[in-house]
Amino acid sequence: VQLQASGGGLVEAGGSLRLSCAASRNILSVNYMAWYRQSPGKQRELVAQIGRLGVTNYADSVKGRFTISRDIAKNTMYLQMISLKPEDTAVYYCKAGDFKDYWGQGTLVTVSS
């Protein structure tokens, strides 16, 4: 499956952004989809994940601020981010997994203080 992430940009602290990840095929054909992020000098980390049945989980650092969702008809996954902090600045990647992992290109989110 091919993934296309979009929606990144520059936002002030406290602001909001919504990221999108469009998939090239039915997103229910994979076991899960997820958002990861990577800041300079840091390892890529899981931000949020949604399973085929819709079960979600979040990194502790984003709980209560980020919401992962999907539109099955559009084969698209979203990440709604509110109350953004400078430490949320990173390149955000979408991922899908079944028997193998699929990664989209990243989209840069910059949160200014």
Side-chain angles (χ1 to χ4, degrees):
V1 59
Q2 294 180 326
L3 304 171
Q4 180 74 36
S6 62
L10 173 64
V11 63
E12 293 184 348
S16 302
L17 278 176
R18 188 177 79 157
L19 306 182
S20 300
C21 176
S24 61
R25 73 175 198 227
N26 186 349
I27 59 177
L28 293 182
S29 68
V30 296
N31 289 332
Y32 67 91
M33 295 187 73
W35 289 99
Y36 281 71
R37 67 185 181 187
Q38 187 167 21
S39 304
K42 295 186 177 181
Q43 289 189 333
R44 193 172 296 189
E45 64 175 356
L46 176 67
V47 175
Q49 178 172 305
I50 184 165
R52 181 185 289 133
L53 298 181
V55 176
T56 60
N57 65 282
Y58 297 89
D60 288 343
S61 59
V62 307
K63 283 180 180 177
R65 299 188 299 121
F66 291 11
T67 302
I68 189 170
S69 64
R70 63 189 181 184
D71 186 327
I72 296 169
K74 295 182 178 180
N75 291 328
T76 300
M77 172 181 67
Y78 303 99
L79 186 68
Q80 179 67 51
M81 306 183 291
I82 66 171
S83 302
L84 282 161
K85 305 175 181 179
E87 51 264 44
D88 295 318
T89 295
V91 177
Y92 284 71
Y93 298 89
C94 56
K95 177 186 177 186
D98 49 31
F99 297 105
K100 59 183 290 187
D101 294 335
Y102 308 90
W103 290 91
Q105 92 295 354
T107 185
L108 176 63
V109 173
T110 303
V111 184
S112 63
S113 57

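FYI, the numbering just counts along the sequence from 1.
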Walk me through it: do I27 and M77 pass the test side-chain contact (heavy atoms from CB on, under 4.5 Å)? CA-CA 8 Å; I27 59 177; M77 172 181 67; 5.6 Å; no
Rounded at 0.5 Å granularity, tell me how far [atom1] in [X] sits from [atom2] in [Y].
{"X": "T107", "Y": "L79", "atom1": "OG1", "atom2": "CG", "value": "11.0 Å"}
{"X": "Y36", "Y": "Q43", "atom1": "OH", "atom2": "CD", "value": "12.0 Å"}
{"X": "L19", "Y": "T76", "atom1": "CG", "atom2": "OG1", "value": "12.5 Å"}
{"X": "R25", "Y": "L3", "atom1": "CZ", "atom2": "CG", "value": "9.5 Å"}
{"X": "F66", "Y": "T56", "atom1": "CZ", "atom2": "OG1", "value": "14.5 Å"}
{"X": "L53", "Y": "N31", "atom1": "CG", "atom2": "CG", "value": "10.0 Å"}

Minimum heavy-atom distance between S16 and Q80, given as atom pair plus value: CB-NE2, 4.1 Å
Under a single-linkage definition using a 4.5 Å side-chain heavy-atom cutoff for Ile, Leu, Val, Met, Phe, Trp and Tyr, are [X] and [Y] assigned to the same hydrophobic cluster?
{"X": "V62", "Y": "L17", "result": "yes"}
{"X": "V30", "Y": "V47", "result": "yes"}
{"X": "W35", "Y": "I72", "result": "yes"}
{"X": "I82", "Y": "V11", "result": "no"}

Side chain proximity check, C94 to M33, heavy atoms < 4.5 angstrom: no
Do M81 and V109 come close enough that some side-chain heavy atom pair is under 4.5 Å? yes
Taking [X] for the side chain and [Y] for the main chain, is one N or O donor matched with an acceptor at less than 3.5 Å?
{"X": "R52", "Y": "L28", "value": "yes"}
{"X": "Y58", "Y": "I68", "value": "yes"}
{"X": "Q105", "Y": "A5", "value": "yes"}

Is it true that R18 and D71 have a side-chain N and a carboxylate O under 4.0 angstrom from each other?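 Judged by the 4.0 Å cut-off on N to carboxylate O distance, R18 and D71 do not form a salt bridge.
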Quick check: are there more than 12 heavy atoms from other residues, nucleotides or ligands sitting under 6.0 Å from CD of E45?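 Atom CD in E45 is packed in, count exceeds 12.
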Please tabulate, one pair per line, all N/O donor-acceptor pairs under 3.5 Å involving side-chain atoms of residues 84-92, not counting sequence neighbours.
unit_1	atom_1	unit_2	atom_2	d
D88	OD1	R37	NH1	3.0
D88	OD1	R65	NH2	3.0
D88	OD2	R65	NH1	2.7
D88	OD2	R65	NH2	3.4
D88	OD2	K85	N	2.8
T89	OG1	P86	O	2.9
T89	OG1	V111	N	2.8
T89	OG1	V111	O	3.4
Y92	OH	R37	NH1	2.9
Y92	OH	D88	O	2.6

